[in-house]
Amino acid sequence: MGKAMESPKEQSSYTVEQLVAVNPFNPEILPDLENYVNEQVTSQTYSLDANLCLLRLYQFEPERMNTHVVARILIKALMAMPAPDFSLCLFLIPERVQMEEQFKSLIVLSHYLETGRFQQFWDEAAKNRHILETVPGFEQAIQAYATHLLSLSYQKVPRSVLSEAVNMDGASLDKFIEHQLTNSGWIVEKEDGSIVLPQNEFNHPELKKNTGENVPLEHIARIFPILG
């Protein structure tokens, strides 16, 4: 016989992660998962697995869906970029819900981030501040993603481009750059104030290891008779 379903009292002794692992399709854990989303917001933590589990339960019980909680899940997923969490979550949300104004706005924001159109992103974000401000740390997370994307694309980035990407200028931008100089190895050029970003295999392709170049000659010599 299968394992009996735990009573609410027994379930209360589990953490949310354990509840998700033990019985992810049990509708009785739905309130725990909703509370956990709000806990993630206040504590600035994140659990994609728990959030996906909640969205799946909403699919089975659509009348219990809390769109306020769903919006928070999507905002947290945006904050996890460049991970594909937003798309994974969106896939589990019914199209009729996606057509609501707040979700249409979040989808537009996701598109701007994915395509690196930061000026449009910040303009759109300003129009939806009432939604985004409910999740602390949103702006800082997107700024971190923006600098990550710049580091993959630029060896040296003009101050104006950085300003647009992180939506900062003046003293706040100076403070942001100072922090990156200390913690991320940025260098500011004295001539024009542009920022030299640390080398990586994306902004310096010559650093990328080419495994083909590392194949010993004797291995290649063995392959040719086989091909012949």
Side-chain angles (χ1 to χ4, degrees), residues 17 36-37 40-41 43-56 70-93 98 102-129 131-168 173 176-177 179-187 194-211:
E17 288 87 352
Y36 192 47
V37 171
Q40 290 173 56
V41 170
S43 63
Q44 297 194 42
T45 54
Y46 182 55
S47 174
L48 174 64
D49 289 341
N51 295 347
L52 290 175
C53 182
L54 175 57
L55 293 176
R56 280 192 290 268
V70 173
R72 288 185 156 199
I73 288 175
L74 288 179
I75 294 170
K76 293 292 283 186
L78 279 180
M79 293 166 64
M81 291 190 75
D85 298 12
F86 188 88
S87 297
L88 293 174
C89 293
L90 197 64
F91 182 74
L92 297 173
I93 299 171
Q98 294 184 31
Q102 62 176 337
F103 297 116
K104 287 198 290 186
S105 296
L106 292 173
I107 291 168
V108 169
L109 289 172
S110 170
H111 176 67
Y112 285 149
L113 286 179
E114 288 173 355
T115 53
R117 294 156 67 184
F118 291 110
Q119 183 173 353
Q120 291 95 323
F121 169 84
W122 291 113
D123 289 345
E124 185 68 21
K127 299 174 189 173
N128 294 278
R129 194 172 296 278
I131 302 171
L132 303 174
E133 282 186 341
T134 62
V135 180
F138 177 78
E139 189 170 293
Q140 292 81 357
I142 302 305
Q143 288 165 344
Y145 167 68
T147 56
H148 166 75
L149 210 59
L150 290 176
S151 73
L152 301 183
S153 309
Y154 289 90
Q155 297 178 3
K156 184 169 70 172
V157 60
R159 183 185 170 95
S160 59
V161 172
L162 176 64
S163 173
E164 180 180 292
V166 299
N167 196 37
M168 288 180 175
L173 181 60
F176 181 81
I177 292 172
H179 177 79
Q180 298 294 337
L181 293 177
T182 305
N183 297 281
S184 302
W186 288 14
I187 299 171
S194 59
I195 297 97
V196 178
L197 301 173
Q199 295 185 5
N200 59 64
E201 64 181 21
F202 297 100
N203 64 13
H204 283 75
E206 68 275 9
L207 297 178
K208 191 170 185 178
K209 292 181 180 179
N210 189 332
T211 54

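Predicted model only: the values in this text are computed from it and were never measured.
- Atom CG of N203 sits about 10.5 Å away from atom CG of L150, to the nearest 0.5 Å.
- Residues V108 and F121 fail the side-chain proximity criterion, which asks for heavy atoms closer than 4.5 Å.
- A heavy-atom distance below 4.5 Å is not found between the side chains of F86 and L113.
- When every heavy atom of G116 is checked against every heavy atom of L149, the shortest pair comes out as CA-CD2, 3.9 Å.
- One distance of note links CD of Q102 with CD1 of I107; it measures 10.5 Å at 0.5 Å rounding.
- Side-chain contact between W186 and L181 is present, with at least one heavy-atom pair separated by less than 4.5 Å.
- In this structure, the side chains of L52 and R56 come closer than 4.5 Å at one or more pairs of heavy atoms.
- Closest of all the heavy-atom pairs between P158 and S194 is CA-CB, 4.1 Å.
- The distance from atom CD1 of I75 to atom CG of L109, rounded to the nearest 0.5 Å, is 9.0 Å.
- How far CG of L74 is from CD1 of I93: 4.0 Å, rounded to the nearest 0.5 Å.
- Using a 4.5 Å cut-off on side-chain heavy atoms (C-beta onward), L162 and I177 make contact.
- Without hydrogens or angle criteria, N200 side chain to S151 main chain gives a donor-acceptor distance under 3.5 Å.
- Considering all non-hydrogen atoms of both residues, Q98 and L90 come closest at NE2-O, 3.1 Å.
- No side-chain heavy atom of T134 sits under 4.5 Å from any side-chain heavy atom of V41.
- With a 4.5 Å cut-off on side-chain heavy atoms, D49 and E17 do not count as touching.
- Between S43 and T45 the shortest heavy-atom distance is OG-OG1, 2.8 Å.
- Under the side chain to side chain contact (heavy atoms under 4.5 Å, CB included) criterion, H204 pairs with Q155, Q199, E206, L207, sequence neighbours left out.
- The stretch residues 75-91 participates, sequence neighbours left out, in these side chain to side chain donor-acceptor pair (under 3.5 Å) pairs: Y46-D85.
- Here the CD1 atom belonging to I73 is positioned 12.5 Å from the CG atom belonging to L78, to the nearest 0.5 angstrom.
- In terms of heavy-atom proximity, A71 sits nearest to L106 at O-CD1, 4.1 Å.
- Sorted by first then second residue, the side chain to side chain donor-acceptor pair (under 3.5 Å) pairs that include residues 108-129, not counting sequence neighbours, are S105-N128, S110-E114, H111-R117, E124-N128.
- For E139, there are no side chain to side chain donor-acceptor pair (under 3.5 Å) partners two or more places apart in sequence or in a different chain.
- For P82, the side chain to side chain contact (heavy atoms under 4.5 Å, CB included) partners at least two apart in sequence or on another chain are Y145, H148.
- In this structure, Y36 and L54 have side chains that are not in contact, with every pair of non-hydrogen atoms separated by 4.5 Å or more.
- Applying the salt bridge (Lys or Arg N to Asp or Glu O under 4.0 Å) test to residues at least two apart or on different chains, the pairs with a partner in residues 146-160 are K156-E189, R159-D174.
- Nearest approach of M79 to F138, heavy atoms of both residues: CG-CD1, 3.5 Å.
- More than 12 heavy atoms of other residues, nucleotides or ligands sit less than 6.0 Å from atom CZ of F103.
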